[in-house]
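Right, one structure below, let's go through it.
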Amino acid sequence: MLIDAAHLAEARRRIAAASDILVLTGAGISAESGVPTFRDALTGLWARFDPEELATEDAYRRQPGLVWDWYEHRRTLVAAAQPNPAHHAIVALAAQKKVTLVTQNVDGLHQRAGSTDVIELHGNLFANKWLDGCGRCEAAPDDGRSPPRCIHCGALMRPGVVWFGEDLPRVARYRAEHAAQTCDLCLVVGTSGMVYPAAGLPGVAKDHGAGVIVVNPQPSALDATADLVLRAPAGQCLPMLWPPCAAAPA
Ligand code: BJW
């Protein structure tokens, strides 16, 4: 995809001039790693399900086996994926400037690229917790049940992600809001901007005087908030926006 040269130059200038950058990422940043975006996530066997209907506690209580298997499928897919040049570029940026990295992603690819202190708003695909546990829950030795249950109380294990209608982790949410209020630039990468409260962060940054740049090959709900939209895939675009760091792979 050809990136508009004037937009690219303007983005580079704004990033070079910024001293405190909030980077907000969504599923699109992992697309070039082969991880389907959330709203594209249901291919093949899963094509007949609506992701917004699977990612709820209600859906899990009604069909725990189905929802658990969906997460197992995604865990397998993500475990086989590798961070791409966009993930690595953010590591390079953080070596040069103050960067607060806030992600809606649950795939852990930022951490695997080398980003530290990643603020995960929606949890992590590889963490589990108990649904209505007894407080001393223990999973049965692998008995092939899907999902695992507690040997004491029979509670269901569930993925450690944030489903619709659930509150975000308090500290992560507080830190993300603080970063939005104090940054001088908000770089929004690969999100449809449809899911709140994450989608509200660029607006908060703008209201506090920060510039907003969106990187997305498709129109998003955050384009109207942005000062500049770079219509390009993240893995192609981000490495062109600031110098690489020595440790990042070519
Ligand atoms: C590329 C690319 C490339 C492709 N390069 N880009 C205010 C208004 C309206 C509604 C609400 C509101 N506040 C709250 C709500 C309700 C709800 C909500 O937002 N609903 C909307 C759908 C309307 N929000 C919630 O329920 C949240 N909870 C909450 O607010 O609780 C309040 C509460 C308080 C006190 C007590 C109790 C409750 C929770 C939201 C949790 C979201 N969870 C999910 C699932 C996580 C687990 C899982 O993965 O299964 O998080 S939903 C899903 O959407 C996932 C994502 O993180 C999130 C965002 O999606 P994202 O990342 O933007 O992905 P896509 O697929 O939508 O977009 C990909 C983009 O990439 C596209 O634009 C592509 O073009 C682009 N792209 N290739 C760059 N190469």
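Whatever order the structure lists them in is the order used to number ligands and atoms, beginning at 1. The first residue of the sequence shown is numbered 1, and numbering continues consecutively from there.
- Residue Ala27 has at least one nitrogen or oxygen atom sitting less than 3.5 Å from a nitrogen or oxygen atom of ligand 1, judged on distance alone.
- Proximity of atom 41 (C) of ligand 1 to the protein is indicated by at least one non-hydrogen atom lying closer than 4.0 angstrom.
- Only the backbone of Trp163 comes within contact range of ligand 1, with a heavy atom under 4.0 Å; no side-chain atom does.
- Between the Arg14 side chain and the Leu185 main chain, no donor and acceptor come within less than 3.5 Å of each other.
- Among Arg39, Arg170, Gln104, the residue whose heavy atom lies nearest to atom 54 (O) of ligand 1 is Arg39.
- Note on ligand 1: Gln236 sits outside its first shell, no heavy atom being nearer than 4.0 Å.
- When hydrogens are left out, the protein atom nearest atom 20 (N) of ligand 1 is Phe164 CE2, 4.0 Å; that is the closest non-hydrogen contact.
- Cation-pi geometry between Arg75 and Trp68 is satisfied (NZ or CZ under 6.0 Å from the ring centre, within 45° of the ring normal).
- A salt bridge is defined here as a Lys NZ or Arg NE, NH1 or NH2 lying under 4.0 Å from an Asp or Glu carboxylate O, and Asp167 with Arg173 meets this definition.
- Atom 38 (C) of ligand 1 has Gly165 O, 3.3 Å as its closest protein atom, hydrogens excluded (heavy atom only).
- Taken to the nearest 0.5 Å, the OG1 atom of Thr100 stands 11.5 Å off from the CG atom of Leu24.
- Polar contact check, Trp70 against ligand 1: no nitrogen or oxygen pair lies under 3.5 Å apart.
- Annotation: His178, atom NE2; neighbour count of heavy atoms from other residues, nucleotides and ligands within 6.0 Å does not exceed 12.
- Remark: minimum distance from atom 72 (C) of ligand 1 to any protein heavy atom is reached at Asn216 ND2, 3.9 Å.
- Close N/O approach between Val162 and ligand 1 is found [any backbone or side-chain N/O within under 3.5 Å].
- No side-chain N or O of Asp20 forms a donor-acceptor pair with one of Thr182 less than 3.5 Å apart.
- The closest protein non-hydrogen atom to atom 18 (C) of ligand 1 is Tyr196 N, 3.9 Å.
- Taking CG of Leu101 as the reference point, atom CG of Asp117 lies at 9.0 Å (rounded to 0.5 Å).
- Val162 and Ile119 end up in the same hydrophobic cluster when Ile, Leu, Val, Met, Phe, Trp and Tyr side chains are linked at under 4.5 Å.
- Among Leu168, Thr56, Leu238, Asp167, the residue whose heavy atom sits closest to atom 34 (C) of ligand 1 is Asp167.
- Across Met194, Arg74, His122, Glu120, heavy-atom proximity to atom 51 (O) of ligand 1 is greatest for His122.
- Residue Gly26 has no N or O atom closer than 3.5 Å to an N or O atom of ligand 1.
- Summary of contacts: the protein heavy atom closest to atom 5 (N) of ligand 1 is Ala234 N, 2.9 Å.
- The contact set between ligand 1 and Pro233, taken as ligand atoms under 4.0 Å from a residue heavy atom, comprises 3 (C), 5 (N), 80 (N).
- Against a heavy-atom cut-off of under 4.0 Å, Val161 is close to the following atoms of ligand 1: 47 (C).
- In Thr191, the parts holding a heavy atom less than 4.0 Å from any atom of ligand 1 are both the side chain and the backbone.
- Ligand 1 is never approached by Ser220 to a heavy-atom distance shorter than 4.0 Å.
- The protein non-hydrogen atom at the shortest distance from atom 79 (C) of ligand 1 is Pro217 CD, 3.4 Å.
- The shortest N/O to N/O separation between Gly190 and ligand 1 falls below 3.5 Å.
- A salt bridge is absent between Arg170 and Glu177; no separation between the charged side-chain nitrogens and carboxylate oxygens falls under 4.0 Å.
- Within the 3.5 Å criterion, the main-chain N or O of Asn84 finds no donor-acceptor partner in the side chain of Glu32.
- Residues Ala210 and Cys183 come closest through the heavy atom pair CB-O, 3.5 Å.
- No donor-acceptor distance shorter than 3.5 angstrom exists from the side chain of Asp40 to the backbone of Thr37, with no hydrogens or angles considered.
- The shortest contact between atom 2 (C) of ligand 1 and any protein heavy atom is with Gly28 O, 3.4 Å.
- Classification of the Phe164-Phe38 ring pair by plane angle, with boundaries at 30° and 60°, yields perpendicular.
- Remark: the Thr25 side chain and the Gln104 side chain contain no N/O donor-acceptor pair separated by less than 3.5 Å.
- Residue-level proximity to ligand 1 for Glu166 is carried by the backbone, the only part with a heavy atom below 4.0 angstrom.
- Atoms of ligand 1 found under 4.0 Å from any heavy atom of Gln218, numbered from 1 in the order shown, are 75 (O).
- For residues 90-136, the ring-ring contact (aromatic ring centres under 6.0 Å, His included) pairs, not counting sequence neighbours, are His87-His110.
- Of all protein heavy atoms, the one closest to atom 78 (N) of ligand 1 is Ala31 CB, 3.6 Å.
- When distances from atom 27 (C) of ligand 1 to the protein are checked, a heavy atom turns up under 4.0 Å.
- A donor and an acceptor atom, one from each side chain of Glu120 and Gln111, are located under 3.5 Å apart.
- Residue Val195 places no N or O, backbone or side chain, under 3.5 Å from any N or O of ligand 1.
- When non-hydrogen atoms are compared, ligand 1 lies under 4.0 Å from the side chain of Val106 (C-beta onward) but not from its backbone.
- Listed by atom number, the atoms of ligand 1 under 4.0 Å from Thr37 heavy atoms are 4 (C), 66 (O), 69 (C).
- Applying the 6.0 Å contact sphere to NZ of Lys206 captures more than 12 heavy atoms from other residues, nucleotides or ligands.
- For ligand 1, the polar-atom distance check finds an N/O of Glu32 within less than 3.5 Å of one of the ligand's N/O atoms.
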